[in-house]
Amino acid sequence: MTAPVPWSPSSFTGADPAYLKVRMIRWAIYSTVFLLISLIPLGLKLFGLGVPSWLLTTPLLALVLALWDLRIMRRQVKALGYLEREADLVVRSGVMWRKQLVIPYGRMQYVEVNSGPLERRYGLCQLTLNTAGSSATAHVYGLPEALGEALRERLVAAGEEQML
Amino acid sequence: MNSEENWQRVHPASPFVRGWLAIIGLVFIYWRNTEDWSMAERFSGPRLFWTLVSAGAALVVILIFYFFSWYFTRYRLTDTHVYVNSGMLIRSQKQARLDKLQAIDIAQPLGARILGLAELRFDVADGSESVLRLAFLRKAQAQKLREQLLGRMGSPQAEVQPEAVVEEPPPLTARVPAGRLLASIFLQLPILVGLLVTVSLLISYLLGAQGVLAGLIPTALGLGSWVYKEINQGWNFNASAQDAGVRISYGLADTRQHSIPAGRVQAIMITAPLFWRMLGWYRVQVNVMGTKSDEDDNLSVLPVGSFEEVCRLMGILLPDLGVENQREVLRTAVSTGTAHGFTGSPSRAKPLSPGAWKHQGFLATGTTVISRYGWLARQASFVPHRRVQGMGWQQGPWERRRKLAGVRLYCAGGNIMGYLHQIDQETAKEFMQAQSKRLAER
């Protein structure tokens with residue numbers, strides 16, 4: 001993190017370390033599914049069907065992509081973060097393609113807190129902040145449930161204050 | 001006011017405008033089924049009697065349906081709402097709150113235009129598909145109603161005397177002659193390429209390559225529908241200043257009208273495709289809340305026009321650009337260069353955008369962010385600070401190596417955004433900090 005960004009990385013609140021586990025389990029599930037799908041040509045070959053030989057490399061490709069994904073996952077999760085400022089919320093993400101999204105509290109339309117089965121298991125949730133513009137939607141991943149609720153309350157309060 | 005508290009019916013010819021195709025369809029079915037009879041056989045002797053009786057019966061049934069459809073379609077205007085009830089067996093009751101209305105448009109399908117009727121469309125703020133339609137009224141009556149309702153919606157400029165509205169056309173801001181429209185359409189690079197592909201496919205087909213037919217037909221159809229859409233959206237195009245906004249009307253078969261109050265405009269984009277620049281032509285598009293219920297791209301408020309017309313339109317849609325020399329700033333915004341305070345991309349951006357880097361730039365004024373980007377088709381977008389919903393900073397690996405960054409300003413109502421492409425990363429940082437303060441001020 002050498003390159004300067006609008007707000008220093010240290011001031012952000014990062015995702016909970018447990019979120020990495022959620023991502024890894026999700027990675028394991030998806031990778032297994034993709035590997036199984038990529039094995040189909042090989043299976044057909046075993047049953048004696050004519051399959052172009054280049055199709056037999058798909059499992060290798062799937063494996064390489066999955067391992068690459070796993071390799072950068074830790075850094076990706078570390079790069080996630082949010083920052084509550086006086087008048088807006090800043091969310092950042094990305095390692096190679098870095099992004100920061102600023103949503104002024106006054107533009108907020110509604111706040112959602114979601115948690116899937118995997119996230120619930122680790123006591124985490126995900127907060128989504130919606131505005132009138134569909135591209136201007138902020139996601140805060142890997143929040144501990146209590147923190148997520150509190151953040152939502154604060155955001156709603158700040159939004160009401162700004163609306164006046 | 002009292003008469004308007006009561007329910008009123010639409011024009012009696014309304015069901016016919018919707019249903020004339022059904023009558024033609026019936027006649028067509030009859031004709032097809034009696035094809036083996038001669039004219040004399042059809043209309044002579046006992047057969048004439050039965051033909052007349054069944055035609056009469058069909059007509060009566062249709063008329064009864066039309067009558068009930070008309071009878072049960074009623075509308076009512078109050079000081080706060082528009083109500084439209086319709087349906088005989090399945091009744092539907094719809095209403096729209098006047099203070100939630102984004103726009104009231106007048107549309108004229110082909111059948112309605114022949115009969116001098118018009119349909120009122122009420123666009124509601126929530127951006128959903130549910131457009132309230134009131135069909136059909138006499139055109140003059142529809143216009144009068146629209147004026148009245150616009151007045152009640154609360155813009156003080158819209159308080160107009162009903163008589164004056166119909167007679168005196170509002171001052172014309174821009175119109176598009178047919179020749180210029182056609183020229184402008186075929187001077188767009190994607191259409192030229194499509195045309196070239198179609199013609200070369202056609203030639204190779206005529207020279208005996210049968211196989212290309214499979215490619216020729218979809219290409220020609222796609223190109224044709226695209227060109228037709230462009231023609232339809234620019235044909236007989238008029239933009240006039242009205243109600244502290246603009247009213248546009250256009251259409252080849254159907255005449256459509258939109259009014260765009262300046263206060264509802266979220267973002268504006270001026271595009272100058274490659275060949276248009278030589279002729280000094282521009283296209284102006286806007287993001288508006290609510291209006292675009294049935295089309296997917298941005299609303300054109302000027303399909304093709306000169307810089308003069310662009311200036312006039314911008315003067316209405318964005319009266320306060322936040323600078324003193326608006327005209328010069330506009331000129332710089334739609335052309336190139338860094339005059340009047342524009343900040344461009346540093347030359348480090350050249351390897352990343354060899355064509356565009358020289359022309360990219362932005363200017364943040366007291367009210368608006370102006371940004372210019374694009375290579376062949378050059379675009380300038382205008383995003384008022386108050387309309388920005390969110391601001392995104394981004395940096396890819398190649399940009400990082402060259403100490404560049406991009407900033408996007410996202411808006412509601414469409415996909416136009418402010419786009420500060422590949423600017424110096426320190427400049428981007430300063431801009432983000434300054435802009436977030438401006439966004440908070442509202």
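Chain letters run A, B, ... following the sequence lines, proteins first and then strands; every chain starts at 1. Owing to the predicted nature of the structure, the values given are computational and were not obtained by experimental measurement.
- Contact detail for A:Trp97 and B:Gly396: the closest heavy-atom pair is CD1-CA, 3.5 Å.
- Between chain B and the options A:Val102, A:Ile103, A:Thr131, heavy-atom pairs under 4.5 Å are most frequent for A:Val102.
- Other residues, nucleotides and ligands contribute more than 12 heavy atoms inside 6.0 Å of the CZ atom of A:Arg154.
- Every residue two or more places apart in sequence or in another chain that forms a side chain to side chain donor-acceptor pair (under 3.5 Å) with A:Ser31 is listed here: A:Trp27.
- Each of B:Glu399, B:Gln394, B:Gln266, B:Met391 has some count of heavy-atom pairs under 4.5 Å with chain A, and the biggest count is that of B:Met391.
- Of the possible donor and acceptor atoms, none in the side chain of A:Arg98 sits under 3.5 Å from a partner among the backbone N and O of B:Trp393.
- Counting all heavy atoms, side chain and backbone alike, B:Gln389 lies closest to A:Gly133 at CG-N, 3.7 Å.
- Between B:Tyr410 and A:Leu101, the closest side-chain pair of non-hydrogen atoms falls below 4.5 Å.
- Residue pairs meeting the side-chain hydrogen bond (donor to acceptor under 3.5 Å, both in side chains) criterion with at least one partner in residues 345-354 of chain B, sequence neighbours excluded, are B:Ser345-B:Gln360, B:Arg348-B:Asp424, B:Ser353-B:Gln422.
- Heavy-atom contacts from other residues, nucleotides or ligands closer than 6.0 Å to CZ of A:Arg26 number more than 12.
- Interface remark: of the candidates B:Met432, B:Arg387, B:Arg408, B:Met432 forms the most heavy-atom pairs closer than 4.5 Å to chain A.
- The two residues B:Ala412 and A:Ala132 have their closest heavy-atom pair at CB-O, 3.5 Å.
- The shortest heavy-atom contact between A:Arg107 and B:Val388 is NE-O, 2.6 Å.
- Annotation for A:Arg120: atom CZ counts as buried by contact number, over 12 foreign heavy atoms lying within 6.0 Å.
- Residues of residues 135-146 of chain A lying under 4.5 angstrom from chain B, judged on non-hydrogen atoms, are A:Ser135, A:Ala136 in numerical order.
- Atom CZ of A:Arg85 is separated from atom NZ of B:Lys437 by 7.5 Å, given to the nearest 0.5 angstrom.
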Got a list of side-chain donor-acceptor pairs under 3.5 Å for residues 14-21 of chain A, not counting sequence neighbours?
residue: A:Asp16; atom: OD2; partner: A:Ala18; partner atom: N; Å: 3.0

